[in-house]
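Reviewing the structure listed below.
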Amino acid sequence: MTRYDPATIETKWQQAWDAAGIFRAQRDESRPKYYVLEMFPYPSGRIHMGHVRNYTLGDVIARYKLAKGFNVLHPMGWDAFGMPAENAAMAQGGHPADWTYRNIAEMKAQMKPMGWSLDWSRELATCDPEYYGQQQALFLDMLEEGLVYRKNAVVNWDPVDMTVLANEQVIDGRGWRSGAEVERRELTQWFFKISDYSEELLAALDRLDDWPAKVKLMQANWIGRSRGLQFAFGLTEEAHGHDRVEVYTTRPDTLMGASFVGISPDHPLARALEKDDPEIAAFCAEVRKGGTTEEALETAEKRGMDTGLRVRHPFDTSWELPVWIANFILMDYGTGAIFGCPAHDQRDLDFARKYGLPVASTYEPVEITGDYASPEEGGSAYVPAKDVAVRYVRRIAGDEVQTGNDGVDAAIAFCEGHGVGRGVTKYRLRDWGLSRQRYWGCPIPVVHCPECGVVPERKENLPVELPRDVSFDIPGNPLDRHEGFLSCACPACGGDARRETDTMDTFVDSSWYFTRFTAPRADTPTVAEDVAYWMNVDQYVGGIEHAILHLLYSRFFARAMQRTGHLPEAAIEPFDALFTQGMVTHAIYQSRNKSGRAVYHYPEEVELRDGGAWLRADGREVEVVPSAKMSKSKNNVVDPVNIVRDYGADTARWFVMSDSPPERDVEWTASGAEAAAKHLARVFRIAAEAAELPDGTGAGDAALRREVARTVDGVTRDIESFGFNAAIARLYALTSALQRSDAGGTARREAARTMAQLMAPVTPHIAEELWAMLGGEGLCATAPWPVADPALLVEDEVTLPIQVNGKRRSEITVPKDMDKAGIEALVRADEAVLRTLDGAEIRKLIVVPGRIVNVVA
RNA sequence: GCCGGUGUGGCGGAAUGGUAGACGCAGGGGAUUCAAAAUCCCCCGUCCGAAAGGGCAUGUCGGUUCGAGUCCGACCACCGGUACCA
């Protein structure tokens, strides 16, 4: 009898699949298609367990759908532009393109042995001119449609390196290389008009039935529709051509509690004041220090400066409020100006207390209890949910007692009626800034002409290719100093012009790659017949970290591509179903060096025994930090290549699918991987034994066939519902049942063959080997998925637990179709029930058919 | 800060509002063996009890229900996102 030898059989069957071409997708209008896609990887050079999990998850679905008879598209490519390539060029020399393509080759070599059912003939890399040239064509079409424009926006500016920094490169407000305090600086940048689709992107979420509710909720909150009042406070005297300050508020019902007007340091009025008031200029410069992230802005200490200007309250012209410049007001949202109502906004209250501004409640709880302290008396801001009824003490409209929602509606109607502003709907979603001042990205195909201004490049001149001869020894974008790239002819007048040096955000690359996979070599972005046949993606699989940006941008792009004629109407929601998987984690092993700093040890360097961890080298005990995201900096990584070398790909695949539900994080443990390997060897042994038995019947034939039918039914349902860990638990159970069975050779071989099929999506290599050994015809991968005989699934008896007052005290086994009266009679006579009741009267008897009985005394 | 999520034995986890701990790991006992490896069988939340049986137990506190890991409210801890990481 042969032994389980993964190294040999995995290579053998991968070659067999290749030779048969079963994963090469071809358009075939006569067959139903199924498009499975996992989020494509960044080519870092090494695959990690997160990739193994992500691509195995998708592979299980792809292989299952193939067995179900679908024409499956399961492609793979590379999200190949981005900062790490430039960082590598800066750190080690060399060219980002060489680094990237080398990494792609290395990663592909690591991915192939995993046995994923990928159609490599459709491979694409976003850094390839074949890809980004088509992206430039899309950009030009979007420009023509009015979906692209330029405006000023703030970036992180490193004043020492004289360069723009990514948020990631700003650490505690300082540049990662120079250590200089980062400033926020405005640049003219390119934008996609995603805000044109705010309402549409929000409303269409309702139709995404097979998306996780949490992702839809996060996107809805991100888009952030609000209804409020936009109106102006008149300045008591004109300043720099401004006679009013326009504000937006979602709480116009608190207008009588207004304390001050706040404007952003980037507000036009602040900009104007700054010009001839050195004190204001100094303040604005100070608060513009630090990074641009919302987190940095929101958590920064709240600071303000009184401009000395005053405005009049719209409903009481004798009431004047001061105008402050405040660092927590964002120019990007609303009008860049607010009125502060300290009684009902904690941030405004902190600000008011810090600067001695008045606090006045507009409403109070309907029932004032002892633990309510009003904001005036030193309590915190009173901020009840908008659907809670409150008592208005400074009211502009509506009832004395009403909900916040009613108060807002009444206030808007009242204000509009009195000519004070208008009710408006606003969205938090901002236009998508796509400009990057970097080399390794898709060049924006426009030209700056001294005569004609900004001119789109002609399509016949695409791709606008990145020049090869660049260096990264000076900070900043090498395109800015590359004369050969910069100088060009104006596409409109033919005169001397300068090429745009900004490249595109890498989110642009990943916003349409799923459509490009349907015709990856075409000389147009998409081909009508191919997108019509293959789109939508039936199942998209990726990390929850992409819940908002990547998925929202892709939804926008699908709409933009539809508008520019590159996608059919039916594909404007490109992902029919979405699944978000969890991370792969691993314990961190750390010790301290002499100066007390943490030193991280690789799992291979550590021996686990007696519930502790010791270094193999010198026997020192190390600290174990459980379940941290695998990260190179913490050395808690397990290289899939080593796992495949030691145990084979099937073991790695089985393990990542077995222990945790796929949407949750999974902890990689060495013992778990070993257990998976042992199990596969056991399955192999049991199947090989069955293969050698003579044909014949046995006492356990019927029982085994029932067990197989139950497993087929359960595994199929589990796969359909992403319960892969539950499916694997059933396969463990079937293995034990088969081992213990006293069925004859015929039934055992049948059972083993079906088990091989059920395992095939997860562990395809061993499945093929067993399938062949047990006399299966053709490839297991393409054999029709097994179907359970319904007659074998019927149970004729059922065991009902009996609770007394909610606690389990007994159980009875009854025929499946026994009526309630019959069950009640048995329960009333049950010895354990009578003993527990101890003479107490039964007040109520609840029988849930097929589930449980509860006796209430 | 804001938005979203997660929390169950020593560990990973199972459980349409219906027997909490399936399945697996680790651990304990046994069989086989000259011995070991491999393999097979049994036990395994915790406390009280000889046992039968009973108490406690799903992050914390409260609520709804005949019945709550599951639903609701408040809180704690951790994770993801926060628009230039991908």
Side-chain angles (χ1 to χ4, degrees), chain A residues 39 41-42 44 79 81-84 155-156 164-170 194 212-215 217-222 224 291-300 302 328 332 346-347 428-438 505-507 510 543-550 552-553 580 582-583 585 608 611 626-629 658-661 663-669 671-672 674-676 678-679 681-682 685 723 725-726 728-733 736 739-740 799-803 805-811 832 835 843-846 848 850-857:
Chain A
M39 292 178 185
Y42 180 79
S44 62
D79 190 11
F81 273 136
M83 292 201 306
V155 294
N156 301 304
V164 177
L165 298 179
N167 288 333
E168 185 186 58
Q169 297 171 320
V170 179
I194 191 173
K214 64 180 170 187
V215 173
L217 186 56
M218 280 190 260
Q219 291 212 354
N221 289 339
W222 186 262
T292 55
T293 65
E294 190 186 301
E295 185 189 6
L297 298 173
E298 288 282 332
T299 54
K302 308 296 173 276
F328 58 86
D332 285 323
Q346 190 60 43
R347 195 170 55 183
R428 204 186 76 102
L429 180 65
R430 307 200 296 258
D431 276 334
W432 172 9
L434 70 117
S435 287
R436 296 294 179 270
Q437 292 71 42
R438 270 179 258 290
D505 178 6
T506 55
F507 272 123
S510 55
I544 185 68
E545 65 272 21
H546 295 294
I548 297 173
L549 293 180
H550 162 59
L552 191 62
Y553 290 156
T580 54
M583 296 179 300
T585 63
L608 298 175
S627 295
K629 179 178 178 172
S658 68
D659 255 21
S660 278
E663 67 275 15
R664 287 244 287 264
D665 293 352
V666 63
E667 168 101 359
W668 180 275
T669 59
S671 59
E674 203 165 311
K678 274 189 194 175
H679 177 73
R682 180 175 174 227
R685 204 167 48 243
N725 55 323
I728 283 178
R730 290 183 203 277
L731 289 168
Y732 271 112
S736 294
Q739 173 158 13
R740 288 168 207 188
T799 299
L800 297 178
I802 304 173
Q803 297 182 332
N805 292 329
K807 286 194 188 263
R808 183 190 168 281
R809 298 295 179 184
S810 183
E811 64 180 35
R835 187 172 60 232
R843 288 197 291 130
K844 203 168 169 188
L845 207 124
I846 297 153
V848 185
R851 303 297 306 195
I852 203 168
V853 179
N854 195 5
V855 181
V856 185

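Letters A, B, ... mirror the listed sequences (proteins, then strands); counts begin at 1. Bear in mind that the values here come from a model prediction, so they are computed numbers and not experimental data.
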What is the nucleic acid contact for [X], judged by heavy atoms within less than 4.0 Å: base, sugar-phosphate only, or nothing?
X         : value
Leu429(A) : base
Ser510(A) : nothing
Trp432(A) : nothing

Only pairs with both distances under 3.5 Å count, Watson-Crick or wobble alike; so what is the partner of [N] in this structure?
N      : answer
C75(B) : G59(B)
A86(B) : none
G67(B) : none
G10(B) : C25(B)
C40(B) : G30(B)

Exercise. Any idea which of C42(B), G18(B), G1(B) is nearest the Glu298(A) side chain?
Worked result: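 Nearest listed nucleotide: G1(B).
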For this session: Identify which nucleotide among U19(B), U82(B), G5(B) has an atom closest to any side-chain atom of Lys214(A), counting heavy atoms from C-beta outward.
Result: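 Minimum distance to the Lys214(A) side chain belongs to G5(B).
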Please determine if a side-chain N or O atom of [X] lies less than 4.0 Å away from the OP1 or OP2 oxygen of [N].
X         : N      : value
Thr293(A) : U82(B) : no
Arg730(A) : A22(B) : no
Asn167(A) : A83(B) : yes
Asn725(A) : A14(B) : yes
Gln803(A) : U19(B) : no
Arg682(A) : C40(B) : yes
Arg809(A) : G54(B) : yes
Lys807(A) : C56(B) : yes
Asn221(A) : C2(B)  : no
Arg436(A) : A86(B) : no

Exercise. Please give, in whole Å, the distance from C23(B) P to Ile728(A) CD1?
Worked result: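 Taking CD1 of Ile728(A) and P of C23(B), I get 15 Å after rounding.
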For this session: Using whole Å, report how far CZ of Arg808(A) lies from C1' of G55(B).
Result: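 Rounding to the nearest Å, CZ of Arg808(A) and C1' of G55(B) are 16 Å apart.
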Exercise. Do Glu295(A) and G81(B) share a donor-acceptor pair, side chain to base, under 3.5 Å?
Worked result: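 By the distance-only test, no, there is no pair.
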Exercise. Is a donor-acceptor pair below 3.5 Å formed from side chain Asn854(A) to base C66(B), judging by atom type as modelled?
Worked result: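 Check passes, donor-acceptor contact within cut-off.
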Problem set entry | A74(B) versus G24(B) - spacing of their C1' atoms, nearest Å |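 Taking atom C1' in both A74(B) and G24(B), they lie 37 Å apart.
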